[in-house]
Amino acid sequence: MRIPLELAETLAAVVDEGTLDAAARTLHITPSAVSQRIKSLEEIVGRVVLLRSRPVRATPDGESVVRLARQVALLAHDTVAELGVGDDGARVNIPLGVNADSLATWFLPPLARLSEERAVVFDIHRDDQEFTSELLESGTVMGAVTSREVPVAGCRVSALGSMRYEAVATPAFVARWFGDGVTAAELQTAPAVDFDRRDDLQTRWLLARGVDAAAPPRHRIPASADFAAAVSAGLGWGLLPPFQSADAVREGRLIALPGDPVDVPLYWQQWNLRSELLDAVADAVIAEGRRVLDPVSRR
């Protein structure tokens, strides 16, 4: 069986854009033509490849076809660049996965430098570091910052470094909630700030202090900069990386709470595909991660 590249590219466009109509505009064809291509693809592979949800989603079989389309597009770009022909100014799209705190602190500068040298645009998918590996498995992204050390099937992995998180709060918050010290009893009633319901950093820190992690009230602020702003405003205590807290602690606007920091090892995983461009992205991200993060061996 041979999957026509045009059909695979159409499925990838639908998944990227979220609707058939949006994909049609991107591909400069009609929505009915997009629908017919998806139908033809499903007839060829004998499987359903697209769930008509809002937004649409690829099935596991469809994810394999999307991954094929992305790999072919990347290899085609590398081949054209190697031959030195067909330079029409088009930029290849590289989808990447990254956790919110890396995105808000160290991840973008190496991509900015690379975009000055290469004809590339980045499609960034933000998720918790525990879950970005799933974006690789689905074919949504070509590379990802993840806490998963074991390679995803079809990927290779490199250590980036360890992001350290320290518990901090404002002086006013400390005076209000920790008048008798930062004790287990006080921590069970003091409000904490979580990123979202999947964020377990504050829970891990509490458990290490012998605190019932289910007891404290939780605010949830699902954006890295806003999370830091919430802690700085006194909404609750929370764990911040030094990238976001060091200046405020030094100036006395935040106070570091007693207790061991939480270290989160980070890794770079990417498709195990021989691509000069994808390798250049990896080199830039890995070099920056190892420059600014603590060594993973410190966990």
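Taking a cutoff of 4.0 Å between a charged side-chain nitrogen and a carboxylate oxygen, R164 and D263 qualify as a salt bridge. The existence of a salt bridge linking R25 and E17 is excluded, since no basic side-chain nitrogen approaches an acidic carboxylate oxygen closer than 4.0 Å.
Qualifying salt bridge (Lys or Arg N to Asp or Glu O under 4.0 Å) partners for R148, counting only residues two or more places apart in sequence or in other chains: E137. Partners of A284 under the side-chain contact (heavy atoms from CB on, under 4.5 Å) rule, at least two apart in sequence or in another chain, are P110. Remark: I124 pairs with L96, V98, L103, F107, L111, F122 by the side-chain contact (heavy atoms from CB on, under 4.5 Å) rule, at least two apart or across chains.
Annotation: side-chain hydrogen bond (donor to acceptor under 3.5 Å, both in side chains) contacts involving residues 272-283, sequence neighbours excluded, comprise D78-S275, R118-E276, R156-N272, R156-D279, Q270-D279.
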Please output the side-chain donor-acceptor pairs of residues 224-241 that fall under 3.5 Å, not counting sequence neighbours, one pair per line with the distance.
{"unit_1": "S224", "atom_1": "OG", "unit_2": "D101", "atom_2": "OD1", "d": "2.7"}
{"unit_1": "S224", "atom_1": "OG", "unit_2": "Q244", "atom_2": "NE2", "d": "3.1"}
{"unit_1": "S232", "atom_1": "OG", "unit_2": "A228", "atom_2": "O", "d": "3.0"}

Mind listing the side-chain donor-acceptor pairs of residues 166-190 below 3.5 Å, one per line with the distance, residues two or more places apart or on another chain?
{"unit_1": "T170", "atom_1": "OG1", "unit_2": "F173", "atom_2": "N", "d": "3.0"}
{"unit_1": "T183", "atom_1": "OG1", "unit_2": "E186", "atom_2": "N", "d": "3.2"}
{"unit_1": "T189", "atom_1": "OG1", "unit_2": "E186", "atom_2": "O", "d": "3.1"}

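Between the side chains of T203 and D200, no donor-acceptor pair of N or O atoms lies under 3.5 Å. Side chain to side chain, E130 and S147 meet the donor-acceptor criterion of an N or O pair below 3.5 Å.
Taking both residues in full, the closest heavy atoms of G139 and V66 are given as O-CG1, 4.1 Å, listed atom of the first, atom of the second, then distance.
Within 6.0 Å of CZ in R57 there are 12 or fewer heavy atoms belonging to other residues, nucleotides or ligands.
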